[in-house]
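Structure, as structure tokens:
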Amino acid sequence: MAYATALHCRECGREYPIEPNYVCDFCFGPLEVTYDYDAIGNAISRESIQDGPLTMWRYDALLPVDRDVAVDIGTGMTPLLKADNLGKELGLNNLWIKNDAVNPSYSFKDRVVSVAVTKALEFGFDTLTCASTGNLAGAVAAHGAKAGMRTLVFIPANLEYGKVIGASVYGPTVVTVNGSYDDINRLCSELADNHKWAFVNINMRPYYSEGSKTLGYEVAEQLGWKAPDHAIVPLASGSLFTKIWKGFNEFAKLGLIDDVQTTMHGIQAAGCSPIVKAYDAGETHARPEVPDTIAKSLAIGNPADAYYALKILKETNGSAHAVPEDDVTEGILLLAQSEGIFAETAAGVVVSGLKQMVVDGLIHPDDSVVAYITGNGLKTQEAVASSVKPIQIEANMESFEENVLGTLAD
Ligand SMILES: *Cc1c(COP(=O)(O)O)cnc(C)c1O
Ligand SMILES: [Zn+2]
């Protein structure tokens, strides 16, 4: 906060005070936080970061909120694991898994929400709300409970049961809406005109989105203060993708790492792939579509940050992939059975997409690759339910030998 000086328009550069505001009055461009990087550069170092808390709040100099007032449920500094088994399977010698499925509410959304809720409290809001594809609702509900705020979350009615429970358990008002995320987002924008509420991903969006930068910082720090050669990131609105890139580049600007050479790869599921389609067609904007995908956390048909994600894809010589719907579950199983990590459908998209990228020759086997795993598999059990088969026996040796022994691998 000490170093966040204003908001500015990403298009025309006009500056605005730090308030609950997200769109430029002049050109309707999105607003973003302005920082005093010279002052940050004088204040922080690798050592001062390493001396900070073992959470995302070790990077608070680069966030619009100070750590001592943060609504914090212990988010961040999740494991970066060397994935040798999966690497062998895919033909990669230097593959890393950033396991953000183990955050407090079991997705990376805790990072963005922790920042947005703290800001909402600072601005004096008493009600917290969001339009969600599922994980955001859980994160908002958890942080709303911690902050003691009135909390309402809006989710699509067809969401996985684990995500409905995963939000409801914290005690918010849960509203299930007949419609897609994009319908809900429209509804919430109308509600925002009539209620003085903090919509974490609408009027709090400039602050909210900054939380995702910590997924760039952490990976760079955990790799020994360098950015990876490749980052594999799931795309919904595209915000996470753009902020990981921003995180790497801010670290370079501050001299914490060398120049960033990372190639950025974005992955969607075929049933909702507006950003991938725009990339393939060489367009600068995505055409809205109606999502129909098993990867519900990524089901945004009208992605707010598509334009910026497409720019980064081009700038970094990256690639964009749409994973066939049938391959999503396969990706979940491959990750679970090679690395012992049970992640959600978005991770199935990432792992299957990465597999295809290696086949397509987009990644050299010795390059360092970080696959971002953003949500927990226990919330999307439906995706794998028909792939698991316990063996039912009676409680005696005979039944065990008859039904189980023959099925065991050598
Ligand atoms: C929300 C979400 C994303 C993508 O977020 P955007 O910033 O909207 O692109 C990725 N993975 C999971 C599990 C999510 O819940
Ligand atoms: Zn503007």
Side-chain angles (χ1 to χ4, degrees), residues 7-16 21-32 98-103 105-113 116 130-140 155 159-160 162-163 166-167 181-182 185 200-201 205-206 208-213 215-216 232-246 264 266-269 272-276 286 291 293-306 308-310 312 320 328 332 343-351 353 371-380 383:
L7 296 177
H8 66 268
C9 171
R10 291 187 75 170
E11 290 308 307
C12 73
R14 246 185 201 86
E15 290 217 328
Y16 294 85
N21 190 6
Y22 63 107
V23 63
C24 177
D25 293 337
F26 292 89
C27 75
F28 304 107
L31 303 185
E32 184 171 45
K98 178 60 172 169
N99 185 10
D100 237 32
V102 298
N103 271 312
S105 81
Y106 308 104
S107 84
F108 96 90
K109 291 293 198 303
D110 287 323
R111 296 176 185 272
V112 282
V113 170
C130 70
S132 173
T133 58
N135 285 318
L136 183 57
V140 166
I155 52 177
L159 213 53
E160 300 98 340
K163 286 190 183 147
Y181 168 85
D182 303 285
N185 200 42
V200 301
N201 53 344
R205 193 169 179 87
Y208 161 94
S209 58
E210 288 289 284
S212 289
K213 294 190 306 184
L215 263 173
I232 322 296
V233 183
L235 305 162
S237 73
S239 176
L240 170 64
F241 180 87
T242 66
K243 295 291 178 168
I244 288 171
W245 175 242
K246 183 178 177 185
M264 297 292 294
I267 327 259
Q268 301 193 289
C272 180
S273 54
I275 301 178
V276 176
T293 175
I294 187 176
K296 294 180 193 289
S297 55
L298 305 179
I300 297 184
N302 189 8
D305 288 282
Y308 299 104
L310 287 161
I312 292 166
V328 175
I332 296 175
E344 71 142 79
T345 46
V349 168
V350 163
V351 171
Y372 280 92
I373 301 306
T374 49
N376 199 292
L378 288 172
K379 289 206 238 178
T380 62

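Model, not experiment: these values are computed from the prediction. Just so you know, ligand 1 is whichever comes first in the structure, and atom 1 is the first atom listed for that ligand. Heads up: numbering here begins at 1 and tracks the sequence.
Distances from the Zn ion (ligand 2) under 2.8 Å pick out these protein N/O/S atoms: C9 SG, C12 SG, C24 SG, C27 SG.
With rounding to the nearest 0.5 Å, the separation of OG in S273 from CD1 in I267 is 12.0 Å. Atom OG of S105 and atom CG of N135 lie 7.0 Å apart (nearest 0.5 Å). Taken from CZ in R10 to CG in L31, the straight-line distance is 10.5 Å, to the nearest 0.5 Å.
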Do any nitrogen or oxygen atoms of ligand 1 lie under 3.5 Å from a protein nitrogen or oxygen, and which ones?
unit_1, atom_1, unit_2, atom_2, d
ligand 1, 7 (O), L240, N, 2.8
ligand 1, 8 (O), S237, N, 2.9
ligand 1, 8 (O), S237, OG, 2.7
ligand 1, 9 (O), A236, N, 3.0
ligand 1, 9 (O), S237, N, 3.2
ligand 1, 9 (O), G238, N, 2.9
ligand 1, 11 (N), T374, OG1, 2.7
ligand 1, 15 (O), K109, NZ, 2.8
ligand 1, 15 (O), N135, ND2, 2.9

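Salt-bridge check for K246 with E210: passed, with a basic side-chain N closer than 4.0 Å to an acidic carboxylate O.
Partner of D110 under the side-chain contact (heavy atoms from CB on, under 4.5 Å) criterion, out of D100, N103, V140: N103 alone. The one candidate from L235, I294, T293 that meets the side-chain contact (heavy atoms from CB on, under 4.5 Å) condition with C272 is T293.
Between V113 and L136, some side-chain heavy-atom pair lies under the 4.5 Å cut-off. The closest side-chain heavy-atom distance from E344 to S107 is not below 4.5 Å.
In this structure, R14 satisfies the cation-pi test against F26, with its NZ or CZ atom closer than 6.0 Å to the six-membered ring centre and inside 45 degrees of the ring normal.
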